[in-house]
Amino acid sequence: MLKSKFTSLLMQWHKKSNRREMPWKGEKDPYKIWLSEIILQQTRVEQGWNYYERFIKKYPTIQQLAKAKDEEVFKLWEGLGYYNRCKNLLITARFISKELNGKFPNNYDKIILLKGIGPYTAAAISSFAFNLPYAVVDGNVFRVLSRVFGIETAIDSNEGKKEFTKLADEVLDKKNAGEYNQAIMDFGATICKPVSPSCSSCVLQKNCNAFKEGKVNLLPFKEKVLQKKHRWFYYFLMQHDNKILVHKRNQKDIWENLFEFYLFESSEQIKWNNQLVQEWLNEQFAIKSAEVVSVSAILAQQLTHQKITGQFIKVNFKKVPTSLQHYKWLVIKKLNGLAFPKFINQFLEKEIV
DNA sequence: AACGCGGGGCA
DNA sequence: TGCCCAGCGTT
């Protein structure tokens, strides 16, 4: 199909048939567009929707976000995943607030320099807020273009990224970049879906290479295979005097910047029981004044790249061992002010600590 | 250029 | 269970 025909058919579809409403659509405030785009990175619209509304309500301007405390913002981000987005959100809000006098950069080259903003987000902000001619390339765009034009280059290869970026730029409606970008993403999300796309009602069907060749379900093509790790996390809820031991994760690992309890990680399963816990405590902390309160059922969580299995073990110290004195002891009532990973929250929700 | 990073929804 | 989602930073 001619590239110009693709563009005009897509724009016609958008004007006539697309009724996908979202809180940030038609928004012109670059702060709100930026916030929505960060939230939506690798995240479904439905999943990010409420987070967006809570952020805008609590922080209506970038200056207010910039002034917020880290822990408060992470608490609001809790459960959304990819927590580096939240860290970079704060870095960029504070940078713009302090160094740019609160004014969001208004051109692509400056926007893409901001932390947490890559080619996709820079194109999205440039086109939606400033109607600049930059084409977004996200999962939807890879899928639509690979199918319509029958491109089999792997989208997770460097070559593929270049090729699709070039094509995306060629089919962009440069005078209506914002509208076009909305159109192709909505089209990918509602018609040209990953699984069971609506080819029978697709306005591009007659011109779609993948449909003609029967390759719809083979495109887009990926070459990398996901490797999954299995880890065992045993969390000890060390309690003493209405306080509990918490720790902010600070390694380059999952859940960085989130809180957790005292973690004992193992590469294989451990069959804990009261006696084993007691022995382990004696060995680890060389004290006998710890009482094993309870050992939870085995819980599991499936992440994209890892499977976490583990248990929660409550321990009551009559006296805090010296080796734990430099850890952070938090009043239990304040637990709900901290952001925890889902794995921990699924335990806390049904358990009164 | 390759790899690691969450959580949810769907077939 | 496996795949994908309005991707990005690090090494």
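Every chain is numbered from 1, with letters handed out A, B, ... down the list of sequences. What you see below is based on every heavy atom in this structure, not just the backbone, and it leaves out hydrogens, waters and symmetry mates.
Nearest to the side chain of Pro194(A), among dC5(C), dC5(B), dC3(B), sits dC5(C). For Ile254(A), the listed nucleotide lying nearest its side chain is dC5(B); candidates were dA11(B), dA6(C), dC5(B). The nucleotide whose nearest atom lies closest to any side-chain atom of Tyr82(A) is, among dA1(B), dA2(B), dG6(B), dG6(B). Ranking dC8(C), dG7(B), dC5(B) by closeness to the Thr121(A) side chain, first place goes to dC8(C). In the set dA6(C), dG6(B), dC5(C), the nucleotide with an atom closest to the side chain of Tyr120(A) is dA6(C). Closest contact between the side chain of Lys222(A) and the listed nucleotides dC4(C), dA6(C), dA11(B) involves dC4(C). Considering only the side chain of Glu37(A), dA6(C) comes nearest among dA11(B), dA6(C), dG6(B).
Nearest-nucleotide mapping onto DNA chain B: of Glu223(A) and Arg44(A), the residue sitting toward the 5' end is Glu223(A). Summary of the strand contacts: Gln306(A) and Glu46(A) both lie near DNA chain B, and taking for each the nucleotide with the nearest heavy atom, the more 5' one is attributed to Gln306(A). Between Asn84(A) and Met22(A), the residue whose closest nucleotide on DNA chain C is further toward the 5' end is Met22(A).
Donor-acceptor pairing under 3.5 Å is recorded for the side chains of Tyr59(A) and Glu72(A). A side-chain donor-acceptor contact under 3.5 Å links Glu260(A) and Tyr235(A).
Taking only distance into account, the side chain of Thr304(A) meets the base of dG6(B) through a donor-acceptor pair shorter than 3.5 Å.
A donor-acceptor pair is defined here as one N or O able to donate and one able to accept, closer than 3.5 Å; such a pair exists between the side chain of Thr61(A) and the backbone of Gln64(A). Under the 3.5 Å distance criterion, the side-chain polar atoms of Ser157(A) are left unmatched by any main-chain donor or acceptor of Thr153(A).
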